[in-house]
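Here's the structure, in structure tokens; my notes come after.
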Number of protein chains: 2
Amino acid sequence: MVTKPPSEETDEPTEVERRNADVCNVVGSIEMIGSKWKLIVLNDLREGEKRFNELKRSTGASSYTLSRVLGDLEEAGFIENRKEFEAPVASYYTLSERGDALCPVFESLDAWGDDWL
Amino acid sequence: MVTKPPSEETDEPTEVERRNADVCNVVGSIEMIGSKWKLIVLNDLREGEKRFNELKRSTGASSYTLSRVLGDLEEAGFIENRKEFEAPVASYYTLSERGDALCPVFESLDAWGDDWL
DNA sequence: CGGCATCCTTGGAGATACTG
DNA sequence: CAGTATCTCCAAGGATGCCG
């Protein structure tokens, strides 16, 4: 949104410059995943494939909420769902490639927590 | 200083927080800043110092919402507030050291947006 | 076990008006 | 300009129950 003057083309633009550039981009991401439960579920799935009730326990979300959040995330392409219809039905959730690409975000957050929490 | 009636964030850890505290502190961070407006305001302040109405315009938040979000963020130590009482009163907001340390998170988010948005 | 339907409560958040 | 005070509306989300 903010246009900034051209500059040296080193690998590393100035901080201010870079910040001005990405502010808008980030808002789009926030609109998609910037809700408490979506973040928590995505973060939780970094540990690997999990089933519904497993996620329910580890995240603390109610089944109603979890169901909707998983639906939203799947629809938006952040996670994938594999179902087993046999004997005890099971539903496994994993991060999609798109969702997995968010890991650095959570890692940054984790690093921040180490220093400031 | 004190967050008023509507949304009050207690310091009491939730069940979820307690359960996952030692596993990963991401959840704690999410509890603190994982709401749409907090993320948007923090992200916006990466551009540098801004005043109230400036933030109001750039984020699109109402003054009511913005006022509360800024109060919460300041109370939690993510931002700092400098006031000028002269002629036209002015109130400037900037990221604190603690808040600035979150920049890598937004940079990761931006990088993700470049690839997947 | 997974997960949708229903009810119900809470708070997130806009619009508007007012004050120092 | 920088907020605060209300009033109001609606979505988020917990609890419960049911069903394949």
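What you are looking at is a predicted structure, and each value in this text was computed from that prediction instead of being measured. Below, chains carry the letters A, B, ... as their sequence lines are ordered, and counting in each starts from 1.
- In this structure a side-chain-to-backbone donor-acceptor pair under 3.5 Å is missing from Thr65(B) to Ala61(B).
- Residue contacts for Tyr93(B): at a heavy-atom cut-off of 4.0 Å it reaches the sugar-phosphate backbone alone, with no base atom in range.
- Leu66(B) has its CG atom 16 Å from the P atom of dG12(C), to the nearest Å.
- Taking Glu49(A) as the reference, Arg82(A) meet the salt bridge (charged side-chain N to carboxylate O under 4.0 Å, His left out) condition, with sequence neighbours excluded.
- The distance from atom CD of Glu74(B) to atom C1' of dG3(D) is 13 Å, rounded to the nearest whole Å.
- Lys38(A) meets the salt bridge (charged side-chain N to carboxylate O under 4.0 Å, His left out) test with no other residue; sequence neighbours excluded.
- Rounding to the nearest 0.5 Å gives a distance of 11.0 Å between CG of Leu45(B) and CD of Glu80(B).
- Using cut-offs of 30° and 60° on the angle between ring planes, the pair Phe78(B) and Trp112(A) is parallel.
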### Summary
Once base and sugar-phosphate atoms are separated, protein heavy atoms under 4.0 Å mark nucleotides 14-20 of chain C, 5' to 3', with B, S and - as SB----B

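- For dC1(C), the OP1/OP2 oxygens have no side-chain nitrogen or oxygen of Arg51(A) closer than 4.0 Å.
- Phe52(A) places its CZ atom 18 Å from the P atom of dC19(D), with the value rounded to the nearest Å.
- To the nearest angstrom, P of dG2(C) lies 13 Å from CZ of Phe85(A).
- The nearest whole Å value for the distance from the CG atom in Leu70(B) to the C1' atom in dA13(C) is 15 Å.
- At the phosphate of dG3(D), OP1 or OP2 sits under 4.0 Å from a side-chain N or O atom of Lys83(B).
- Whole-Å rounding puts the Asn81(A) CG to dC1(C) P distance at 17 Å.
- Defined by atom type and a distance below 3.5 Å, a donor-acceptor pair is missing between the side-chain atoms of Asp44(A) and Thr59(A).
- Under the rule for a salt bridge (charged side-chain N to carboxylate O under 4.0 Å, His left out), Arg98(B) has no partner lying at least two apart in sequence or in another chain.
- Straight-line distance from the CZ atom of Arg57(A) to the P atom of dC1(C): 9 Å, rounded to whole Å.
- Computed from coordinates, the Leu55(A) CG to dG3(C) P distance equals 10 Å when rounded to whole Å.
- Note on the helix from dC1(C)-dG20(D) to dG20(C)-dC1(D): terminal axis deviation equals 50°, with five pairs used at each end and the result rounded to 10°.
- Phosphate contact (OP1/OP2 of dA13(C), side-chain N/O of Arg68(B), threshold under 4.0 Å): absent.
- Put simply, the side chain of Ser96(B) gets close to the backbone of Gly77(B): a donor and an acceptor are under 3.5 Å apart.
- Qualifying salt bridge (charged side-chain N to carboxylate O under 4.0 Å, His left out) partners for Glu74(A), counting only residues two or more places apart in sequence or in other chains: none.
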